[in-house]
There are 2 protein chains.
Amino acid sequence: MQSHDEKGTGMTEKTPGRPRDAAVSRKLKDTALRLVRDKGYDTVPISAIIAEAGVSRQSLYNRWSTKAELVLDAFYDDSFTRVAQPLPRPDHRGALATFLADIFAHLAENGAALRSLIAAAQADETFRVAFHDRFVAPREEIVTQLLHEAQAAGELPPGRDPELLSAFVHGAFWYRLLNGQTLDDTWARRIADGVFGP
Amino acid sequence: MQSHDEKGTGMTEKTPGRPRDAAVSRKLKDTALRLVRDKGYDTVPISAIIAEAGVSRQSLYNRWSTKAELVLDAFYDDSFTRVAQPLPRPDHRGALATFLADIFAHLAENGAALRSLIAAAQADETFRVAFHDRFVAPREEIVTQLLHEAQAAGELPPGRDPELLSAFVHGAFWYRLLNGQTLDDTWARRIADGVFGP
DNA sequence: TTGATTAATAGACTGCAGTCTACTAAATGC
DNA sequence: GCATTTAGTAGACTGCAGTCTATTAATCAA
């Protein structure tokens, strides 16, 4: 196996051989993030990323096995999933709308990359699982959790199905994103209203 | 421009030059359909399709500008959208469940290809529009229509939002498909119940 | 028959992601 | 020091989608 700790935990685990250069990882992620945001996932070749980062091809593939893994890491580092703040409690319908509006607001910057990563996941099961575990599942969990709480608080009728409704919410999000349709505050509210009823 | 009618309408429009050979188109679509079903979209190279079809590369690209366009055509010819039958009227909830169960049943055969086409649409706006117009929009329309009728029949409360609910339905479908999760009769029923309420 | 036009074929070519090879560099343990 | 191990660089290589060029074949109009 490899060492590859690279100060991930702070305690470098005393592996033999030359240690990984954390600066190389940083440069790759920063460059990938910038180039993909600026020019788009499919327009930016690996050769451009390593050239701008000033790093060899093999150094990239020592760390990530595909372009998609690198880009996921790059965006993950930046923000992407740190939307997972605790949500305001009193009004669950409003909390859901706010949560969605927050995600949708980030789509201006990250939406195109997100679409590319979802696409990449369809051709690469390993990446699909990684993407699901790191990006999809946590967000789904937040909504499911919120809906369970809303149900406990009596704001959502007991007959409703939080897991299904969470699939409705994220499904509508994905469906509109992947079909190139708008997603804004209005849609956040509309989705929340659709879940909680009129 | 080209002639490219190829008996599409029956009335060959008297274009100059050598006419397209309909047998070439047939062989390409049949071969593409079979190979993609058997081996998967990403596993089947163009070179294999033209080799098995016994046709030149250029003949393919004279008809379709990308692999995705060919495969969409191949699956479209076979079935794929002919699920658009008129639906039973008395029970709209049951009609929706049946409609979905029908789609889900076809996923065993076509689900992998559908995922690949959705993925391809994310990197190719021209194809995304074609795919949307030919595949996505008609199905969405069916559900929206059904929900409007259900609302008129009093089976769906007047406060509900058919366009949004349709996005919920197809969204949940896409979301689960793209995340590699099961879609069967149980889910069809569950989604229909989620739309119409408990 | 000839010319114009488009289709079909064969195969070279480009740009891409990802792999592989050869070599050099930095760390550890003796 | 020296051996071992892993990271780094440079660059060749493979397989892919899609483009391009050259040549031949089929149709229509004159």
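Lettering of chains follows the sequences in order, A, B, ..., and the numbering in each one begins at 1. Atom set for the values below is all heavy atoms of this structure, side chains included, hydrogens, waters and symmetry mates excluded.
- The salt bridge (Lys or Arg N to Asp or Glu O under 4.0 Å) with B:Asp73 is formed by just one residue from the set B:Arg63, B:Arg134, B:Arg26; it is B:Arg134.
- Note that the OG1 atom of B:Thr98 and the CD1 atom of B:Ile103 stand 11.5 Å from one another [nearest 0.5 Å].
- Rounded to whole angstrom, the span from the CZ atom of B:Arg20 across to the P atom of D:dT27 amounts to 15 Å.
- In this structure, A:Asp124 contributes its side chain and A:Ala120 its backbone to no donor-acceptor pair below 3.5 Å.
- Checked options A:Glu149, A:Gln151, A:His148; the residue passing with A:His92 is A:Glu149 (criterion: side chain to side chain contact (heavy atoms under 4.5 Å, CB included)).
- Atoms CG (B:Asn62) and C1' (C:dA10) sit 14 Å apart, rounded to a whole Å.
- Protein atom CZ of B:Arg63 is 17 Å distant from nucleotide atom C1' of D:dG18, rounded to whole Å.
- Comparing A:Val24 and B:Asp124 by the nucleotide of DNA chain D whose heavy atom lies nearest to each, the residue mapping closer to the 5' end is A:Val24.
- Distance CD (A:Gln58) to P (D:dG11): 15 Å, rounded to an integer number of Å.
- Rounded to an integer number of Å, the gap from OH of B:Tyr61 to P of C:dA7 is 18 Å.
- In this entry the distance linking CD1 of A:Ile50 with P of D:dG11 reads 11 Å, nearest Å.
- In terms of polar N and O atoms assigned as donor or acceptor, the side chain of A:Arg57 never comes within less than 3.5 Å of the base of D:dG11 in a complementary pairing.
- Separating the CZ atom of A:Phe127 from the C1' atom of C:dA17 is a distance of 15 Å, rounded to the nearest angstrom.
- The listed nucleotides are C:dA27, C:dA17, D:dT9; the one nearest the side chain of A:Pro19 is C:dA27.
- A close approach under 4.0 Å does occur between a side-chain nitrogen or oxygen of B:Ser59 and OP1 or OP2 of C:dT9.
- Comparing B:Gly17 and B:Ser56 by the nucleotide of DNA chain C whose heavy atom lies nearest to each, the residue mapping closer to the 5' end is B:Gly17.
- A continuous path of ILVMFWY side-chain contacts below 4.5 Å connects B:Leu107 to A:Ile118, so both sit in one hydrophobic cluster.
- Ranking D:dC20, D:dA17, C:dA8 by closeness to the B:Arg18 side chain, first place goes to C:dA8.
- Side-chain proximity of B:Lys67 to the nucleotides C:dT9, D:dA17, C:dC16 is greatest for D:dA17.
- Between the NZ atom of A:Lys27 and the P atom of D:dA7 there is a distance of 17 Å, rounded to whole Å.
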